[in-house]
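See below for the structure under consideration.
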Amino acid sequence: MSAKVFESKEVQNLLQAAANLGSQDGNQRAKQITHRLLSDLFKAIDDLDMTPDEIWAGVNYFNKLGQDGEAALLAAGLGLEKYLDIRMDAQDREADIHGGTPRTIEGPLYVAGAPIREGVSKIDLNADEDAAPLIIRGTVTGSDGKPVEGAVVECWHANSKGFYSHFDPTGAQDEFNLRGAVKTRADGKYEFRTLMPVGYGCPPHGATQTLLNTLARHGNRPAHVHFFVTSDKSRKLTTQINIEGDPLIWDDFAYATREELVPHVVEKTGGAALGLKADAYKEIRFDIKLTPLVRGKDNQLVNRPRAAVTA
Ligand code: FE
């Protein structure tokens, strides 16, 4: 049996001192959160009888995580980002907000600043031999079901190697390759002319994959396309679609798949006339329904560090 010290006066005083609860100075919310998280950690150390070796392995892991720049990736892989979605879904139900296109996680690979086009954007700037042409199109509607004019639909996705522009370790892609922004006209329609993405995995030697290996988990995602949709009169939507047929759709290491977000992939011809690299192409229709502001405010705007480039 291990000694239990968590409840002792000495440890409770230590926690209060570490979070500086005795002082009126500092950020009260930060102090509250620090005190709680540290208390939960201390209690877990007691309950699980964690050894010093385990604690220092954990401390060192945070150093490695920071060196690799993977904290946001790990947040997705451990379900933290999904958990935020589950909470927002529950808040929407409580607020009686229904019927919009479901949200799903943003992930860490958005880049702000893609040039905004009217109605249609061709976003495959770099040749990619292994990727076939793809059109993603749909209509943005409001909660009244009517098309939304002036909505901005942004999308971003990986290439055939599973790499995103701006974050591509091979340096093969220009800024904003496979990233685009389209502003809808009165008909609410948007269209991206692009190339089919593939799924991708965590960097194999990074801190995230190291932990996943320890848990006997893979670090792969099915092929997908990310979206932000914004409009003056609606709440911002952060979502993704999966590419139908990908074997990992229900085995996504980041838990982003939702049943309503796997639209059909349809075979089409006539791509040459649309400026695609082949006449045969695939088309995905993804209609987007936005939800209304809450008391005039968008409660879906999430502040987090994001890459930004001036196009
Ligand atoms: Fe992604």
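Counting starts at 1 for both ligands and their atoms, following the listed order. These figures come from a predicted structure and were not determined experimentally.
- Think of V294 as one node in a network of Ile, Leu, Val, Met, Phe, Trp and Tyr side chains linked at under 4.5 Å; its network also takes in I97.
- Side-chain atoms of D96 and H98 form a donor-acceptor pair, as typed in the model, at a separation below 3.5 Å.
- Checked against side-chain contact (heavy atoms from CB on, under 4.5 Å), V198 has no partners two or more places apart in sequence or in another chain.
- Aromatic rings of H224 and Y200 (six-membered ring for Trp) have centroids within the 6.0 Å cut-off, being under it.
- Grouped by direct or indirect side-chain proximity (heavy atoms under 4.5 Å, Ile/Leu/Val/Met/Phe/Trp/Tyr only), L248 sits alone.
- Using the six-membered ring where Trp is involved, F192 and F227 have ring planes that are tilted, between 30° and 60° apart.
- Protein nitrogen, oxygen and sulfur atoms, that is N, O or S, within less than 2.8 Å of the Fe ion (ligand 1) amount to 4.
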